Amino acid sequence: MKFIHMSDIHLTVPGEIIDGLDPHKRFRQALDHIETHHSDAERIIITGDLTHWGECEAYEALNKAIEGFPIPVRLLLGNHDDREAFIQMNPNHPLDTNGFVNHGEQVDDMTFIYCDTNEPETHAGHFCENRLAWLQGILTSRADDCVLFFHHNPRPLHQPAMDSIGLVPAHSSPLMVLIRQHRRHIRHMFFGHTHLTVSGIFAGVPFACVRSTLHQGMPEFSKSEWLHGANLAPHYSVVFMEPDNTVIHQIPFTYDGPIKLSGTGWKDWAKQESVA
Ligand SMILES: [Fe+2]
C-alpha cells in the first residue's frame, strides 16, 4: 500500500503570499507532481496548517484545489488553522462527539487515524482528555495495524524553540502512555508542524515528519528562542507499507534541473587509472 504524506501547505486568501512565496502555486505543483508520478497512491494525508490565517476563503481555495482529484485527500488541523472556519467550509466533514476534527478510516487492512491537536490562540498542540479518550476508544476497538497522524510533534525533538510549541507536556505524557500500551499494533506515526525532515521512535513506535510544501525549518539545537528557517527545497513524502516493511521517500517536487543517469552494471569497485 502506498500513500502520500504532505504537510503545512499554509494556504492564504488567493493572491496573498508568504515570505515571497505563493502557497497556492506550491500546493498545485505538489498535486500535479503527485498526479504525474504517484497516481497509484491510495491517500494523500495533509497533516495540518492547511491555511496560514484560517480564513474561510483559504479553506474554499483548498476545497477547490482538491475537488475531483483522483486520489482521496484527508485533512488535519494545525496551529495556523481555525476549527470553526474549517467546519463552516466543510460542514459534512467527520467530527468526533465533542466536535473535534478527529476521524479515522479503514485503508486496505489498516486503520488510519487522523488526530486534531489544534487549540485556539496558541501555536502549541493540545490533546485533551476528551481527545485522548476518543483515540483510546478507536485503538481499543481495532485489532489491525493502525497508523496515527498528528499536526504537532507529540514529543520533543531536541529542537528547543520548536519543542516549546510541540504538544504540551501535560498532554504529551498521557498520549505516550496510551501509545506505548498499543505499540504492537501502531505501525507508524506521522506529523508535520516542524517544517523539518525528522524520523525516530516515540514510545516504541516509529515516527516521521515531512517538510512543508512552502517555507522550511532549519534544525537548531541551541536554546535559542527563535525558530530557524531557510530557503530549502519543499518536499512531500511517499510512503510504502507492506506487511513487514515501511519505506518513506522525501520527494523534492519543485526540482526542475537535470537528472543524471548512471549505469548499475559497471564493475568499478577498483579506482580507474586516470587517462593522461
Ligand atoms: Fe506550519
Side-chain angles (χ1 to χ4, degrees), residues 4-34 37-38 44-54 58 61-62 65 76-81 117-118 122-125 149-167 189-202 206-239 248-260:
I4 305 295
H5 176 208
M6 187 190 294
S7 201
D8 294 83
I9 59 177
H10 286 263
L11 297 187
T12 53
V13 172
E16 293 179 353
I17 60 172
I18 298 172
D19 290 346
L21 302 170
D22 180 349
H24 298 272
K25 181 181 174 190
R26 279 288 179 84
F27 185 45
R28 186 75 255 164
Q29 276 183 288
L31 290 178
D32 289 347
H33 197 272
I34 291 165
H37 298 281
H38 304 290
I44 298 173
I45 296 105
I46 308 178
T47 52
D49 281 0
L50 306 172
T51 67
H52 194 67
W53 298 112
L62 170 59
L76 283 77
L77 298 184
N79 51 301
H80 281 267
D81 286 304
T117 56
N118 168 277
T122 175
H123 286 304
F149 298 88
F150 301 94
H151 175 67
H152 291 83
N153 45 305
R155 289 280 298 150
L157 296 166
H158 298 271
Q159 300 287 296
M162 176 54 65
D163 291 340
S164 71
I165 56 168
L167 201 65
M189 294 187 279
F190 293 89
F191 52 88
H193 188 46
T194 67
H195 298 217
L196 296 170
T197 302
V198 191
S199 57
I201 295 175
F202 285 150
F207 71 80
C209 65
V210 66
R211 285 182 181 175
S212 165
T213 54
L214 196 64
H215 49 292
Q216 310 312 323
M218 175 62 82
E220 176 53 50
F221 299 84
S222 76
K223 294 199 185 311
S224 168
E225 63 183 290
W226 298 99
L227 296 170
H228 286 51
N231 188 23
L232 304 175
H235 286 167
Y236 64 78
S237 293
V238 177
V239 183
I248 304 171
H249 288 271
Q250 307 280 337
I251 309 300
F253 61 90
T254 58
Y255 179 72
D256 60 0
I259 304 291
K260 299 174 185 174

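Count residues from 1 along the sequence. Worth saying up front: this structure is predicted, and the values here are computed from it rather than measured.
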List the steps, then state whether side chain to side chain contact (heavy atoms under 4.5 Å, CB included) holds for Val198 with Asn153.
CA-CA 10 Å; Val198 191; Asn153 45 305; over 6 Å; no
Asp81 (side chain) donor-acceptor with Thr51 (main chain) under 3.5 angstrom
yes
For residues Val210 and Gln250, determine if any side-chain heavy atom of one lies less than 4.5 Å from a side-chain heavy atom of the other.
yes
Taken to the nearest 0.5 Å, the spacing of Leu227 CG from Leu196 CG works out to 9.5 Å
Out of curiosity, Lys25 NZ to Ile17 CD1, how far, rounded to the nearest 0.5 Å?
11.5 Å
Apply side chain to side chain contact (heavy atoms under 4.5 Å, CB included) to Tyr236 and His38, showing your working.
CA-CA 11 Å; Tyr236 64 78; His38 304 290; 3.2 Å; yes
Look only at the side chain of Thr122 and the backbone of Ala124, and say whether a donor-acceptor pair between them is shorter than 3.5 Å.
yes
Evaluate the side-chain proximity of Ile34 to Phe253: yes if any heavy-atom separation is below 4.5 Å, no if none is.
no
CG (Asp19) and CG (Leu214) are apart, to the nearest 0.5 Å, by 7.5 Å
Donor-acceptor check, side chain of Gln216 to backbone of Ala230, threshold 3.5 angstrom: yes or no?
no
Between the CD1 atom in Ile165 and the CG atom in Asn79, the distance rounded to the nearest 0.5 Å is 6.0 Å
Just checking His37: does its NE2 atom have more than 12 heavy atoms from other residues, nucleotides or ligands closer to it than 6.0 angstrom?
yes
Minimum heavy-atom separation for Ser222 to Pro160, with atom names?
O-CG, 3.0 Å
What are the two closest heavy atoms between Ser7 and Gly48, and how far apart are they?
OG-O, 3.9 Å
Give the C-alpha distance, both sets of side-chain angles, the deciding distance and a yes or no for side chain to side chain contact (heavy atoms under 4.5 Å, CB included) between Leu31 and Ile44.
CA-CA 9 Å; Leu31 290 178; Ile44 298 173; 4.2 Å; yes
With no hydrogens and no angle check, is any side-chain donor or acceptor of His152 less than 3.5 Å from a backbone partner on Phe150?
no
Do other residues, nucleotides or ligands put more than 12 heavy atoms under 6.0 Å from the NE2 atom of His33?
yes
Whether the side chain of Asp163 engages the backbone of His158 through a donor-acceptor N/O pair (distance < 3.5 Å, no angle test) should be reported.
yes
Okay, side chain of His193, backbone of Gly78: is any donor-acceptor separation there less than 3.5 Å?
no
Under the side chain to side chain contact (heavy atoms under 4.5 Å, CB included) criterion, do Leu232 and Met218 qualify, and how do the steps go?
CA-CA 9 Å; Leu232 304 175; Met218 175 62 82; 4.3 Å; yes
Got a sec, which residues hit salt bridge (Lys or Arg N to Asp or Glu O under 4.0 Å) with Asp32, two or more places apart in sequence or on another chain?
Arg28
Of all the heavy-atom pairs spanning Ala30 and Thr213, show the shortest one and how long it is.
CB-CG2, 4.3 Å
Can you tell me how far CG of Leu157 sits from OG1 of Thr194, rounded to the nearest 0.5 angstrom?
6.5 Å
Could you check His151, His52, His215 and say which one makes a ring-ring contact (aromatic ring centres under 6.0 Å, His included) with His80?
His52
Rounded distance [0.5 Å steps], OG in Ser212 versus CG in Asp49
8.0 Å
Sub-3.5 Å donor-acceptor pair from the side chain of His235 to the main-chain atoms of Ile251, do we have one?
no
Less than 6.0 Å separating the ring centroids of His10 and His195?
yes
Flag the pair Thr117 / Phe191 as yes when at least one side-chain heavy-atom distance between them is below 4.5 Å, and no otherwise.
no
The residue among Ile4, Ile248, Ile45, Thr197 that forms side chain to side chain contact (heavy atoms under 4.5 Å, CB included) with Ser237 is Ile248
